[in-house]
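Letters A, B, ... are given to chains in the order of the sequence lines, protein chains preceding strands, and every chain is numbered from 1.
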Amino acid sequence: MGLVAYESRSSVNDIQLIARVVAGDAAAERELYETYVDRIYRLTFRLAGDDELARDFTQATFIRAFEKIGSFRGESSLSTWIHSIGVSVSLNGLRKTKRLRTREAPMEEGLTVGALPVEAEPDLKERLARAIDSLSDKYRTVFVMHDVEGYTHEEISGTLNIPVGTSKSHLFQARSKLRVALADFAPEWVS
Amino acid sequence: MTEDNFEEFLKKAAQSYNAPPARAPREDMWRAIQTHRAAGPRVVYGGGSTIPESSVRRFGSKIWLGAAAAAVLFLATGVGIGRWTASSNTQGSVAIVNPPKTGSNASSTTEPSGTVPDGSVGASNPGQNIARGAAASTSSGVARSGGSQQTGLTGGRNGTQVAAGEGSPNSTPASAYQMAAVRHLSEAEALLTSFRTRSATDQQMDAQLGSWARDLLSNTRLLLDSPVANDPQRRPLLEDLELVLIQIVQLSPGSTPQDREMIEKTLRQDHVMTRLRTAIPAGPQRGS
């Protein structure tokens, strides 16, 4: 999936659309929104795992995009630019939420996280979700974008403003950690 | 081969991770965006912001200007103290009148020559409020010709303090107000996020949130009475925030799910979270 479909929008289209938005054309704003909202919402939902948060992040992304579109220099594609706002808004918002959830969690509950016996979590999906959640932001973001949402390393590189090699390295690290976390399920992929 | 298998396996299994709904709530989100934008002045394109005073660049430059002004004032004060103490030494003694109202400083004393008075005032007074912050330091009643003055304001439950100006007519208390506002909004956002992510059955959490909201409520009222509220976008936000905070404060341990739902509804209808997030500049200015 990735941004490919959006990147195929010609840069001429993007330039015209931006010019119309900057000129205050409400229809152009709506067009820009309609073009990217599904992808942004999907990505923020994947990162947040919560509908309310995903809505908030998506809304904040477009509000910021409309506010700052006049300063968009075209150094990346419009799609990459909007996605980078979306990821930035989501990660900043999630950091706060995570801090608060950690603060809310009772101490004893916190001590047991990650220490549960394997038999207690037989479900692969649940184990995988926990393992992905436990990845650091940079690994999790790259993993979600690449392996879950199908973005290419070039797209991730532009969105996160990191070199392509770094994106690949992060993905490798993320997979390695997940492989360890899912070692109990090895027979499923070895077979 | 095993590696390829694992990648395939992982990609397939990860599709269930935080799987989004098939359709994005486009219309709801669009309405929220429009409501937010309609609440403030029209967007200023070309790198501008809906709130010119709070745009990162201009806010940042104000901080630098403020810092430069503070540095100049500090230097001038130092030179002044130096000259004053030098002249004091030659004159013999200096009478220092302490403020008449506070306990330890209530009596007038005559100190020996060469003593430099302590000019700090109210830096840790928890009762000091935002609205008074910028102006209070000049009325401390300390008779002196040197020494720096400071005042502070408490930024909520953590007691974070923000310098609120130098007490001089040449300083820029507006930037201090902006910083205080940003910190306050950041904390309010943290509280509301906490409220929305709490467990519905956690009554102890409700009590803690109520206490936290009470702290924020007083500062919200003070900000509403300060120059910060002159901003046409920030005032309605602070007013809506005040309403929500009152609702959270009133949540008792025995409150019903409907009470909580009402707060959620207010948050949703007024798009308080979205407006808060966009009112807080990204980066170090947010003060968190």
Side-chain angles (χ1 to χ4, degrees), chain A residues 21-24 30 33-34 37-38 40-60 62-64 66-71 88-89 92-93 96-97 99-101 103-104 124-125 128-129 132-133 143-144 147-148 175 178-179 182 185-186 188-191, chain B residues 1-21 23-26 28-30 32-34 36-37 42-51 55 186 189-191 193-199 202 205 208 264 267-268 271 273-275 277-278 282 286 288:
Chain A
V21 172
V22 170
R30 182 68 196 229
Y33 173 79
E34 292 288 345
V37 66
D38 287 345
I40 296 295
Y41 176 76
R42 275 186 71 86
L43 184 56
T44 55
F45 197 104
R46 290 282 192 191
L47 291 171
D50 176 274
D51 183 52
E52 286 285 333
L53 285 176
R55 286 177 187 227
D56 282 351
F57 296 158
T58 306
Q59 287 159 202
F62 282 98
I63 288 167
R64 288 201 178 169
F66 289 141
E67 282 178 3
K68 294 174 184 289
I69 198 162
S71 62
S88 169
V89 165
N92 284 335
K96 268 180 291 184
T97 310
R99 262 204 315 268
L100 290 164
R101 281 180 177 160
R103 196 191 298 169
E104 285 171 21
L124 168 64
K125 285 182 183 175
L128 178 60
I132 297 173
D133 284 341
F143 174 77
V144 165
D147 275 9
V148 184
R175 284 177 178 165
L178 294 176
R179 176 193 277 269
L182 301 177
F185 296 91
E188 291 199 28
W189 71 77
V190 171
S191 63
Chain B
M1 184 62 188
T2 309
E3 191 63 35
D4 291 343
N5 287 349
F6 176 68
E7 286 176 20
E8 288 287 317
F9 165 81
L10 192 56
K11 280 184 182 177
K12 198 173 166 188
Q15 289 307 310
S16 64
Y17 176 71
N18 290 347
R23 294 173 63 86
R26 288 179 167 204
D28 286 353
M29 291 191 292
W30 179 249
I33 292 167
Q34 292 305 310
H36 169 83
R37 298 178 71 204
R42 184 73 183 146
V43 170
V44 180
Y45 291 114
S49 162
T50 51
I51 312 169
S55 75
S186 296
E189 185 200 357
L191 167 70
T193 309
S194 182
F195 176 80
R196 295 175 70 182
T197 55
R198 85 212 179 288
S199 161
D202 190 348
M205 190 66 199
Q208 288 174 352
E264 295 276 7
L267 283 172
R268 275 198 303 271
H271 308 293
M273 291 302 288
T274 308
R275 288 160 61 204
R277 287 198 174 103
T278 49
R286 58 185 304 117
S288 57

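Proximity to chain B is limited to the side chain of A:Y41, based on heavy atoms less than 4.5 angstrom apart. If you measure heavy-atom distances from A:V89 to chain B, you find no contacts under 4.5 Å at all. Of the atoms belonging to A:L47, it is backbone heavy atoms, and not side-chain ones, that fall under 4.5 Å from chain B.
Across all non-hydrogen atoms, the minimal contact from B:F6 to A:R175 is CE2-O, 3.6 Å. When all heavy atoms are compared, the tightest approach of A:F45 to B:P20 is CD2-CA, 3.5 Å. Taking all atoms of both residues into account, the shortest heavy-atom contact from B:Q15 to A:R46 is O-NH1, 3.0 Å. Among all heavy-atom pairs drawn from B:N18 and A:A48, the shortest one is ND2-C, 4.2 Å. Minimum interatomic distance between A:I132 and B:A14 (heavy atoms only, all atoms of both residues): CD1-CB, 4.5 Å.
Classified by interplanar angle (parallel below 30°, tilted 30° to 60°, perpendicular above 60°), the ring pair A:F66/B:W30 is perpendicular.
Using a 4.5 Å heavy-atom threshold, the side chains of B:Y17 and A:D147 count as separate. Side-chain contact between A:T58 and B:I33 is absent, with no heavy atoms from C-beta onward closer than 4.5 Å.
When the shell of 6.0 Å around NZ of A:K125 is examined, it contains 12 or fewer heavy atoms from other residues, nucleotides or ligands.
The greatest number of non-hydrogen atom pairs below 4.5 Å with chain A, out of B:M273, B:R275, B:R26, is found for B:R26. Note on A:E52, A:R30, A:R55: by heavy-atom pairs under 4.5 Å with chain B, the leading option is A:R30. In terms of heavy-atom pairs under 4.5 Å with chain A, the best-connected choice from B:P25, B:A19, B:A24, B:A32 is B:P25. Of the listed residues A:L182, A:V144, A:L178, A:D51, the one with more heavy-atom pairs under 4.5 angstrom with chain B than any other is A:L178.
For the side-chain hydrogen bond (donor to acceptor under 3.5 Å, both in side chains) criterion with A:Q59, the lone passing option out of B:T278, B:D28, B:T274 is B:T274.
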